[in-house]
There are 2 protein chains.
Amino acid sequence: MNATSSDVAKHAGVSRATVSQVLNGYAERFAPETAAKVFASAAALGYEPSAAGRALRRGSSDFVVALLPHTTFGGNLQDLFEQMTVTLADHGYTLVLRMSGSAASTLDRMIAGMKPAAVFSLTPFTSAEQEVLRRRNVLAVDPPSVSAVDYNRAIGRMQGLTLVDAGHRRLAFAHLRDERQDPFGFAREEGIRDVAHERGLDDPQVIDVSIDLDSALSALDALTTPGIAVACYNDDVAMSLLAAARVRGLEVPRDVAVIGMDRSDLSRIALPRLTTIEYDIVAAASAGVASLLKALGAGAPLPASTPAFLSLIPGDTV
Amino acid sequence: MNATSSDVAKHAGVSRATVSQVLNGYAERFAPETAAKVFASAAALGYEPSAAGRALRRGSSDFVVALLPHTTFGGNLQDLFEQMTVTLADHGYTLVLRMSGSAASTLDRMIAGMKPAAVFSLTPFTSAEQEVLRRRNVLAVDPPSVSAVDYNRAIGRMQGLTLVDAGHRRLAFAHLRDERQDPFGFAREEGIRDVAHERGLDDPQVIDVSIDLDSALSALDALTTPGIAVACYNDDVAMSLLAAARVRGLEVPRDVAVIGMDRSDLSRIALPRLTTIEYDIVAAASAGVASLLKALGAGAPLPASTPAFLSLIPGDTV
DNA sequence: GTGAAAGCGCTAACAA
DNA sequence: TTGTTAGCGCTTTCAC
């Protein structure tokens, strides 16, 4: 069914080696009519190179794996991945997507078997992922390789500074309690801690919240200081705490201040309006794609300036 | 770096053929101690078979491609694909994801190159996709092959029946507004329409809602009948409408009734408690994976009965 | 300018 | 019960 390079060679009356060369960008080494014959035959037979054969020979495949963030995956992100699919296809790469939440061990197996040309992530790799990628010696591209900033710590700092600048003197950090490991929370907690130290405040109190009212209520009750200001792992945590505060009759932000993270869709309809931080995933993506192509050796111009991926969304909860 | 089957053979003192057989499920053909040596050596060397080598030899790879629907891709769907990733990995297959929207030609190229063992989709294949799959002779699994039930229509029906049984006589369906066509929404709308016709009610009114307060307010204002009952595309839409109803001073469910879909985390902390429908993705995924595995010839027992994937979560908004 | 030869890692048929 | 052999489709020296 599928034509092989031998078929093309036979059809064009040349050798397989010639077909390979011509079709891989070395056409100018050959007589123009030879190259033309090869192109014509390939087209006539509908030749598609076998990824397996090529990968076996080259030691690595043309696949690029994109790790999908565990976040709501709306229109923008879908556009983005479709765009990436097309852009990479233009450069001879095939994009495949992969849930980033899947255990690192299955990532490892996939990499060992598939030998992708690169692994790409919109959010910083977890240390487990980094370890796997390093060990397998795979080209890894994530936002920090774009800009070298520890985004999670920066997020924590941004949350902390927002709270302190609004006059709050007592900080807390609310982790999302989850069966899944949360690689980002600790870096963000560190960011909050940094701010507390720099501003001469007490160490932040740390609580765990899962997304249900009971959990949020006990977490809220555990906060010792009245007027405490809570930096939350994400908007869901923040909204759980806000719901709990409403149940307890606490006034926001006077009795408890809350800042979220993500600017989730639902945070946009929250009342009071949730103060939160937005991560510009689309900007991160286009920067990432550019640096990916560059790392792969495909010549794509890098954007001149590094965009600011984080921005504060003002609200009424701080 | 990566051990090959030769390395394992050398280490175990046997031939490559033996290693291959033992590691591919024919261990019992060999002397127990031979098999044991092979397993031990493979483990000791951290042997991972090369997907390329195997695919080249077998003519098709161990990859299973899942086509991602063009729908908002929330936590539930992500959990589903993570679940599938793990289950398939247990059977030696590697799940990769692919935007279904990408042009059929790129799908074709991917299939030609990657030679996947199967292509899986939660939504029915488009005719262009079917054509590609048929021509490439790839095993294709989509919901119609899993069961004859159109789950999205069933969801709409269930929402509609819940509303009607609670005494509501005027139905509406609220789509999640998206620039792109949403393959699930229309089937659900049909389900609602079915119910209206069966019960002799007027055709449901249809509105579009995006997840922000302004949009929800105008959608709500567009609902012509007081006491209308709205089946929502998902919980986010429902919660947006609830927020809008609160702003407008409407009482729920008296002035407007709302039923969601998904039982999202946040719907669990909503006040009033959102009436919604839960789709048991784990059950759906295992059914899908089971039929996939069966089609692949991997002997996985199919669940005896078709599980009920849908269940009503009672609340106070209907 | 072009082709012959070798080999990537694997597995299936066959031989021993 | 195990090993030998051959070859999947491709690319890359190297020789002509």
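Naming: A, B, ... by sequence-line order, numbering from 1 per chain.
Set against dG3(D), dT2(C), dA12(C), the side chain of V14(B) has dG3(D) as its closest nucleotide. Closest approach to the S20(A) side chain among dG9(C), dT12(D), dG9(D) is made by dT12(D) (side chain taken as heavy atoms from C-beta onward).
Contact between A3(A) and D7(A) at its shortest, heavy atoms only, is CA-OD2, 3.4 Å.
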Report task. Begin with the C-alpha distance, continue with both residues' side-chain angles, and end with the deciding distance and a verdict on side chain to side chain contact (heavy atoms under 4.5 Å, CB included) for L292(B) and L88(B). Result -> CA-CA 9 Å; L292(B) 185 59; L88(B) 285 172; 4.0 Å; yes
* To do: List the steps and the verdict of side chain to side chain contact (heavy atoms under 4.5 Å, CB included) for E48(A) and R136(B).
  => CA-CA 12 Å; E48(A) 297 283 356; R136(B) 293 287 178 192; 4.0 Å; yes
(request) Apply side chain to side chain contact (heavy atoms under 4.5 Å, CB included) to L293(A) and H91(A), showing your working. (result) CA-CA 8 Å; L293(A) 286 173; H91(A) 291 269; 3.9 Å; yes
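Taking the side chain as every heavy atom from C-beta outward, V38(B) and F30(B) never approach each other to under 4.5 Å. Residues F125(A) and L67(A) meet the side-chain proximity criterion, which asks for heavy atoms closer than 4.5 Å.
Taking atom NZ on K10(A) and atom C1' on dG9(D), their separation rounds to 13 Å, with Å as the unit. Taking atom CZ of residue R54(A) and atom P of nucleotide dC8(D), one finds them 18 Å apart after rounding to whole Å. In this structure, the CE atom of M114(A) is 17 Å from the C1' atom of dG9(C), given to the nearest Å. Between L23(B) atom CG and dT11(C) atom P there is a gap of 8 Å when expressed in whole angstrom units.
Between T18(B) and dG3(D) there is a side-chain N or O to OP1 or OP2 distance below 4.0 Å.
Toward the 5′ end of DNA chain D lies the nearest nucleotide of S15(B), the other residue of the pair L56(B) and S15(B) mapping further downstream. Summary of the strand contacts: R57(B) and A17(B) both lie near DNA chain D, and taking for each the nucleotide with the nearest heavy atom, the more 5' one is attributed to A17(B).
Residues of residues 25-35 of chain B that place a heavy atom closer than 4.0 Å to DNA chain D, in numerical order, are R29(B), F30(B), A31(B), T34(B).
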Short N/O separations, protein against nucleotides 14-16 of chain D, under 3.5 angstrom:
none

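The only member of T94(B), V96(B), D62(B) that meets side-chain contact (heavy atoms from CB on, under 4.5 Å) when paired with M114(A) is V96(B).
Using a distance-only test at 3.5 Å, with no hydrogens or angles considered, no donor-acceptor pair links the side chain of R29(B) to the main chain of V22(B).
A salt bridge between R135(A) and E131(A) is present, with a side-chain N of the basic residue lying under 4.0 Å from a carboxylate O of the acidic one.
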